[in-house]
Number of protein chains: 2
Amino acid sequence: MIEAAATVFCREGFAGANIDLIAAEAGVSRQTVYNHHRDKESLLVAVVREITERCNARAFSVLATFPDHPRDLQADLTAFAIRLNRNCLCDRDGRFLRRLLQNEGERYPELFSDWRENGPARVWDALAARFARLAHAGWLEIDDPDAAARQFLALTSSDLQLPLIFGDRLSEDDLEQTSARAVRMFLRAYARRN
Amino acid sequence: MIEAAATVFCREGFAGANIDLIAAEAGVSRQTVYNHHRDKESLLVAVVREITERCNARAFSVLATFPDHPRDLQADLTAFAIRLNRNCLCDRDGRFLRRLLQNEGERYPELFSDWRENGPARVWDALAARFARLAHAGWLEIDDPDAAARQFLALTSSDLQLPLIFGDRLSEDDLEQTSARAVRMFLRAYARRN
DNA sequence: AGATTTTTAGACAGTGTTGTCTAAATCGTC
DNA sequence: GACGATTTAGACAACACTGTCTAAAAATCT
């Protein structure tokens with residue numbers, strides 16, 4: 001049911017979504033929706049909690065696959081970027097979160113305060129720590145690991161934004177091309193110079 | 001009136017905005033709104049046309065200030081990035097466009113097809129041409145100017161996204177810091193090596 | 001099977017919004 | 001000042017949605 005609500009909220013927006021649609025999508029009667037959630041707003045809160053938690057979990061599970069001991073730095077980082085994009089950006093949860101942030105982030109910042117603290121901030125920290133370790137191991141030359149982490153994410157995701165917004169089909173090839181290009185640029189800036 | 005409609009659409013979203021609010025914001029009666037625009041949807045179309053045109057115009061006017069003959073490449077590119085962000089991203093039009101893209105881009109792609117062709121695509125081309133020229137003049141070493149242009153934009157804008165979404169106050173200092181960091185990284189990758 | 005809980009379909013009042021209509025008021029122009 | 005065009009306030013029907021209610025049906029548990 002949270003799933004169905006997420007789908008409809010994502011498709012129609014909060015104001016545009018109506019309870020009947022959500023109930024139909026969930027294959028359930030409207031009354032049942034009201035049995036489980038006081039009203040539309042508290043349903044939204046539940047959905048946001050669910051989605052943000054899942055997104056965080058997924059992000060950290062991908063982070064765990066970071067190439068701490070790379071064999072081929074370029075290739076391994078590219079594969080990592082692909083995993084990150086595919087699992088955290090291109091899926092429905094990612095789309096939902098982006099759209100909802102854009103819509104309601106300014107109006108209800110407290111809806112996302114939890115996500116802000118435990119989501120992006122921690123991902124950045126964790127990624128920064130990985131890069132710092134790679135630097136310490138002699139693979140990279142990084143002065144500001146935090147900035148580098150954010151730059152890595154910016155580079156790897158930005159070419160996907162527009163296609164994602166318009167729901168264009170995103171081929172596996174595009175994803176690889178884009179990620180490879182981003183990593184190449186990243187390493188051009190931060191790979192150890194010899 | 002288009003202004004007022006833009007403000008309200010931006011604040012409330014399309015489904016959430018109502019004509020009375022728009023009329024009030026414009027200081028005009030509801031009937032007058034209907035005099036000028038058939039219905040809510042065609043009003044939205046008019047607003048989108050207006051805003052996208054203005055955004056494009058502004059983007060190109062900032063592009064014209066690109067440092068073709070830099071004195072201090074780092075400083076000049078940073079200043080350029082700051083101008084770009086301040087005039088095309090942080091203002092109300094930028095917010096409106098981002099939000100509307102996220103909301104309605106997938107549902108009504110034809111609303112933005114014009115913008116897509118004449119907006120981002122052309123900006124990228126123009127910026128790529130500038131970078132190519134800088135490379136030709138010996139300032140940069142760039143193999144793929146198109147990619148470099150998009151990377152420049154990704155780096156300079158990404159740290160602003162989250163604060164912008166949440167409507168956080170964005171100090172002039174932050175803007176400078178962020179832009180400087182992005183340009184430093186960009187040059188680390190593409191500045192001529194000697 | 002019997003008892004208890006949950007779900008269902010449908011009706012319902014209350015509210016808000018859209019788009020139309022009308023008659024009065026205001027504006028611009030000669 | 002007079003005339004035509006535009007704007008205004010307000011009323012209006014049509015519609016959609018929310019959240020509540022009820023009595024029947026279905027599912028769950030013992």
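Model, not experiment: these values are computed from the prediction. Note on naming: letters A, B, ... go to the chains in the order of the sequence lines (proteins, then strands), and numbering restarts at 1 for each one.
With a 6.0 Å cutoff to the six-membered ring centre and a 45° limit on the axis angle, A/Arg116 counts as a cation-pi contact of B/Phe166.
From A/His69, atom NE2 reaches atom CG of A/Leu134 across 9.0 Å, with rounding to the nearest 0.5 Å.
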Let me see the working for A/Thr7 and A/Arg11 under side chain to side chain contact (heavy atoms under 4.5 Å, CB included), right down to the final yes or no. CA-CA 6 Å; A/Thr7 302; A/Arg11 200 174 56 225; 4.0 Å; yes

Go through the steps to decide whether B/Glu53 and B/Arg58 satisfy the test salt bridge (charged side-chain N to carboxylate O under 4.0 Å, His left out), and finish with yes or no. CA-CA 9 Å; B/Glu53 266 174 25; B/Arg58 208 178 325 225; over 6 Å; no

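Bounding nucleotides for the chain A contact on DNA chain D, 5' to 3', at a heavy-atom distance below 4.0 Å, are D/dC17 to D/dC21.
The ring of B/Tyr108 has its center no closer than 6.0 angstrom to the ring center of B/Phe14. In summary, the aromatic rings of A/Phe9 and A/Phe96 are positioned with their centroids too far apart to meet the 6.0 Å limit.
In this structure, NZ of B/Lys40 is placed 12 Å from C1' of C/dG19, rounded to the nearest angstrom. In this structure, B/Gln31 places its CD atom 14 Å from P of C/dA23, rounding to the nearest Å. Rounded to a whole Å, the NE2 atom of A/His36 is 9 Å from the C1' atom of C/dT7. Taking atom CG of B/Asp20 as the reference point, atom P of C/dT15 lies 17 Å away to the nearest angstrom. Put simply, CZ on B/Arg30 is 11 Å from P on C/dT20, counting in whole angstrom units. Between B/Tyr34 atom OH and C/dG19 atom C1' the separation is 5 Å, expressed in whole Å.
In this view, B/Asp68 and B/Phe66, B/Arg130, B/Arg133 satisfy the side-chain contact (heavy atoms from CB on, under 4.5 Å) rule, not counting sequence neighbours.
Residues of residues 7-19 of chain A having a heavy atom closer than 4.0 Å to DNA chain C: none are found.
Within a 6.0 Å radius of CD in B/Glu41, no more than 12 heavy atoms belonging to other residues, nucleotides or ligands are found.
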